[in-house]
Amino acid sequence: MPRKTRRRRGILVVVSGPSGVGKSTVVKRLLKLEKNLKLSISATTRPPRPGESHGEHYYFVTQAEFDRMVKRNEFLEWAKVHGYYYGTPLKQLKDELARSKNVVSEVDVQGAASMKQMVEDGKLAVTAVFIFLIPPSVDILAFRLKKRKTEDEEVVNYRLRAAIAELQVMEKYDYIVVNDKVESAAEKIRAIINVEKERTLLN
Ligand code: 5GP
């Protein structure tokens with residue numbers, strides 16, 4: 001008798017990497033390449049940078065709003081990064097995965113570590129793949145951070161030190177992708193997603 005086929009849930013693709021490595025640019029390119037991939041939009045107390053808009057890059061919220069969301073357990077995880085709060089809203093992520101969409105989530109190393117723990121403990125019943133994006137060299141990272149010109153020198157230096165610390169944890173990830181060129185980094189992540197999708201068939 002034919003078995004009723006269950007619709008396969010999407011997979012969660014977690015992308016981390018040092019500030020200035022170009023995560024957002026690579027993810028943006030990836031979203032263009034992969035139509036079945038949706039972006040998890042985080043909430044943050046950080047003010048928007050020029051060109052960023054509410055509901056597209058982040059949900060820009062006040063500290064009071066963020067605290068309310070924490071109290072109501074609306075976040076899958078949240079963390080303080082470079083002096084501001086960032087959190088992954090749970091509902092949107094779960095809904096997209098249930099609709100068989102793959103979801104890409106751009107979080108810092110703390111966020112990725114908590115997600116990994118939740119998956120391992122069975123508290124987050126999803127197939128997740130953890131990808132760490134690295135710059136071709138630290139010099140290039142410093143250059144990119146300075147070129148961004150949206151932060152003053154003190155912030156750039158602080159982020160650079162944090163980036164070097166973040167690089168130490170990369171072996172905890174499933175894949176390390178070098179962002180030499182946006183197109184090729186996005187293609188590499190796309191290939192990883194396609195392979196991981198097949199792996200879920202075996203589970
Ligand atoms: P930025 O301010 O440059 O957009 O992001 C700063 C850092 O916060 C980046 O490493 C980014 O990946 C991370 N981040 C963005 N959203 C979230 C989130 O929802 N949770 C966590 N833990 N980190 C996040």
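Because the structure is predicted, anything quoted here is derived from the model rather than measured. Order of appearance sets the numbers: ligands from 1, and atoms from 1 within every ligand.
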With heavy atoms of [X] as the reference, note each atom of ligand 1 found under 4.0 Å away.
{"X": "K23", "answer": "9 (C), 10 (O), 11 (C), 12 (O)"}
{"X": "R49", "answer": "1 (P), 2 (O), 3 (O), 4 (O)"}
{"X": "A79", "answer": "22 (N)"}
{"X": "E106", "answer": "12 (O), 14 (N), 15 (C), 16 (N), 17 (C), 24 (C)"}
{"X": "G111", "answer": "22 (N)"}

Could you establish whether [X] and ligand 1 come within less than 4.0 Å of each other, counting only heavy atoms on the residue side?
{"X": "H57", "result": "no"}
{"X": "R159", "result": "yes"}
{"X": "W78", "result": "no"}
{"X": "Q110", "result": "no"}

Backbone or side-chain N or O of [X] under 3.5 Å from ligand 1 N or O:
{"X": "G87", "result": "yes"}
{"X": "R46", "result": "yes"}
{"X": "Y86", "result": "yes"}
{"X": "S19", "result": "no"}

Determine whether the side chains of [X] and [Y] contain a donor N or O and an acceptor N or O closer than 3.5 Å.
{"X": "D108", "Y": "Q110", "value": "yes"}
{"X": "Y175", "Y": "E196", "value": "yes"}
{"X": "S42", "Y": "Y59", "value": "no"}
{"X": "S114", "Y": "Q117", "value": "no"}

Donor-acceptor under 3.5 Å (N179 side chain, V21 main chain):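 Looks like yes, one N/O pair under 3.5 Å.
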Sub-3.5 Å donor-acceptor pair from the side chain of S16 to the main-chain atoms of V107, do we have one?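 Side chain of S16 to backbone of V107: a pair is present.
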So which bit of V81 gets within less than 4.0 Å of ligand 1, heavy atoms only: side chain, backbone, both or neither?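 Only the side chain of V81 comes within reach of ligand 1.
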With heavy atoms only and a cut-off of under 4.0 Å, state how Y84 meets ligand 1: side chain, backbone, both or neither.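 Near ligand 1, Y84 shows nothing, with every heavy atom at 4.0 Å or more.
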Between E74 and R72, does the salt bridge (charged side-chain N to carboxylate O under 4.0 Å, His left out) criterion hold? Intermediate values first, please. CA-CA 5 Å; E74 289 180 23; R72 290 187 194 140; 3.4 Å; yes
Please determine whether side chain to side chain contact (heavy atoms under 4.5 Å, CB included) holds for the pair D67 and Q63, giving the CA-CA distance in whole Å, both sets of side-chain angles, and the decisive distance to 0.1 Å. CA-CA 6 Å; D67 293 343; Q63 186 66 54; 3.1 Å; yes
Angle between ring planes, Y85 versus F66, binned at 30° and 60°: parallel, tilted or perpendicular?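 Rings of Y85 and F66: tilted, 30 to 60°.
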Using 30° and 60° as the class limits, which term best fits the ring planes of F60 and H54: parallel, tilted or perpendicular?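 F60 vs H54 ring planes: tilted.
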